[in-house]
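Because the structure is predicted, anything quoted here is derived from the model rather than measured. Here is how names work: the chains are called A, B, and so on, in the same order as the sequence lines, proteins then strands, and each is numbered from 1.
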Amino acid sequence: MSLSLDATQLDRYSRHIIMDEVGPEGQKRLLESSALVLGAGGLGAPVIQYLAAAGVGTLGIVDDDVVERSNLQRQVIHGDADVGEPKVESAARFVDRLNPDIDVETHEARLDVDNAHELIGGYDVVVDCADNFRTRYVVNDAARIEGVPVAHGAIYKFEGQATTLVLDGPCYRCLFPEAPEPGTVPDCATTGVLGVLPGTLGCIQATEAVKLLLDAGDPLAGRLLFYDAMDMTFETVPYQRNPDCPVCGEGGIETIEGVDYTGGCRIDAD
Amino acid sequence: MEWKLFADLAEIAGDRVVAVDTDPGETVGDALGDLLEAHPGLRDRVLDDGEVADHINVLRNGSNVHHDDGMETRLEAGDELALFPPVSGG
């Protein structure tokens with residue numbers, strides 16, 4: 001597909017276009033790209049904002065929740081008037097106001113075993129902004145099988161973790177072969193979360209997604225980035241591919257159908 | 001020797017950094033034993049059938065002890081140990 005930038009776009013994206021690392025070619029590439037954002041909550045809000053602003057032409061948004069007032073302390077794309085509305089609708093309105101270049105594909109659904117391959121396949125990048133372990137393992141597994149890289153981010157109170165799962169690098173299961181049993185780690189509703197925390201982490205995820213789409217820079221692959229908002233420190237921990245990984249290892253699974261994602265989401269080797 | 005704890009592990013222990021009386025020459029496993037003795041509340045969270053649960057990573061100087069001798073890895077003076085679990089909030 002060929003498309004040339006019109007005068008409005010040359011203006012809108014001028015700060016990208018002027019840089020050698022992006023340029024008009026890179027901007028066209030972004031406009032022709034697609035990203036799937038899983039979750040339009042704390043992490044998803046800044047991801048949607050920045051990918052839409054950057055001109056990522058097709059933005060898929062998956063979420064089955066409605067906006068609640070307690071979301072507004074951190075989920076900055078939703079406003080007071082959106083309370084009670086589906087998050088995907090509120091997010092789509094936000095994008096429409098920000099950038100008419102973007103086609104938003106809303107999926108008011110929960111990503112799970114029955115729809116993951118269909119939802120993820122075809123996108124250029126997935127940004128994992130989910131709020132539970134089950135979805136995160138489903139995303140990792142289905143995206144790897146579909147050949148789509150994942151910009152992962154997750155938060156807990158004042159801390160965040162980010163890593164990028166590229167096709168020739170380790171997957172999330174290489175780092176964490178299984179999830180803690182449900183109920184082991186309390187969620188945001190129980191523990192609370194610093195409102196600005198997902199802003200920081202989501203911006204890191206959006207950065208990684210844009211880099212992947214531009215094929216620029218070094219992705220956060222094989223490295224887990226820790227952010228501690230209280231200490232204001234970042235640390236990076238390297239990790240390697242597990243040759244016996246049931247998803248990205250030799251002879252890994254070819255579909256997530258039949259995988260049991262209850263409990264620890266473990267896939268036992270045959 | 002010091003352990004650095006992340007996420008809910010730090011909350012259970014009540015501190016992000018826990019000093020233990022493990023000496024150089026002892027193992028990572030010894031240091032973990034000393035940590036769990038000092039903070040018994042961590043035992044159920046960290047161990048699964050007596051072994052470190054699969055979802056908890058044990059680091060020595062920022063690298064997973066899998067790359068050395070696992071829990072048998074010998075400690076050197078000044079080593080930094082860390083335990084981190086995944087988090088899932090979004």
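- Interface summary for chain B: among A:L201, A:N132, A:L197, the most heavy-atom pairs under 4.5 angstrom belong to A:N132.
- Atom CG of B:L59 is separated from atom CG of A:L224 by 9.0 Å, given to the nearest 0.5 angstrom.
- In terms of heavy-atom pairs under 4.5 angstrom with chain B, the leader among A:G42, A:G264, A:P180 is A:P180.
- Heavy atoms of A:D231 lying under 4.5 Å from chain B belong exclusively to its side chain.
- Closest approach of A:L43 to B:G89, counting heavy atoms only: CD1-O, 3.8 Å.
- Of the atoms belonging to A:R74, not a single heavy atom falls under 4.5 Å from chain B.
- No side-chain donor from either of A:Q240 and B:H66 sits under 3.5 Å from a side-chain acceptor of the other.
- Looking only at heavy-atom pairs under 4.5 Å with chain B, the residue among A:A130, A:G202, A:G39, A:G153 that has the most is A:A130.
- Taking the side chain as every heavy atom from C-beta outward, A:V185 and B:R45 approach each other to under 4.5 Å.
- A salt bridge links B:R16 with A:D228: the closest approach of a Lys/Arg side-chain nitrogen to an acidic carboxylate oxygen falls below 4.0 angstrom.
- The CZ atom of B:F84 lies 5.0 Å from the CG atom of A:L175; values are rounded to the nearest 0.5 Å.
- Of the atoms belonging to A:Y239, not a single heavy atom falls under 4.5 Å from chain B.
- Looking only at heavy-atom pairs under 4.5 Å with chain B, the residue among A:T191, A:T236, A:V237 that has the most is A:V237.
- The two residues B:P86 and A:F176 make their nearest non-hydrogen contact at N-CE2, 3.4 Å.
- Among the candidates A:G160, A:P198, A:G44, A:P177, the residue making the largest number of heavy-atom pairs closer than 4.5 Å to chain B is A:P177.
- Using modelled atom types, one side-chain atom of A:Q161 and one backbone atom of B:P85 make a donor-acceptor pair closer than 3.5 Å.
- Within a 6.0 Å radius of CD in A:Q73, more than 12 heavy atoms belonging to other residues, nucleotides or ligands are found.
- For A:F226, the CZ atom sits in a packed shell: over 12 heavy atoms of surrounding residues, nucleotides or ligands are nearer than 6.0 Å.
- A 4.5 Å side-chain heavy-atom check between A:R266 and B:H55 finds every atom pair outside the cut-off.
- More than 12 heavy atoms of other residues, nucleotides or ligands sit less than 6.0 Å from atom CG of B:D68.
- Taken to the nearest 0.5 Å, the CD atom of A:E181 stands 8.5 Å off from the CG atom of B:D48.
- For B:G90 against A:I155, the heavy-atom pair with the smallest separation is N-CG1, 3.8 Å.
- Within 6.0 Å of atom CD in A:E108, more than 12 heavy atoms from other residues, nucleotides or ligands are found, so the atom counts as buried in its surroundings.
- Using a 4.5 Å cut-off between heavy atoms, A:Y172 contacts chain B through its side chain alone, with no backbone atom that close.
- No part of A:Q75 comes within reach of chain B, as not one of its non-hydrogen atoms sits under 4.5 angstrom from that chain.
- Residue A:E159 touches chain B through its side chain alone, counting heavy-atom pairs closer than 4.5 Å.
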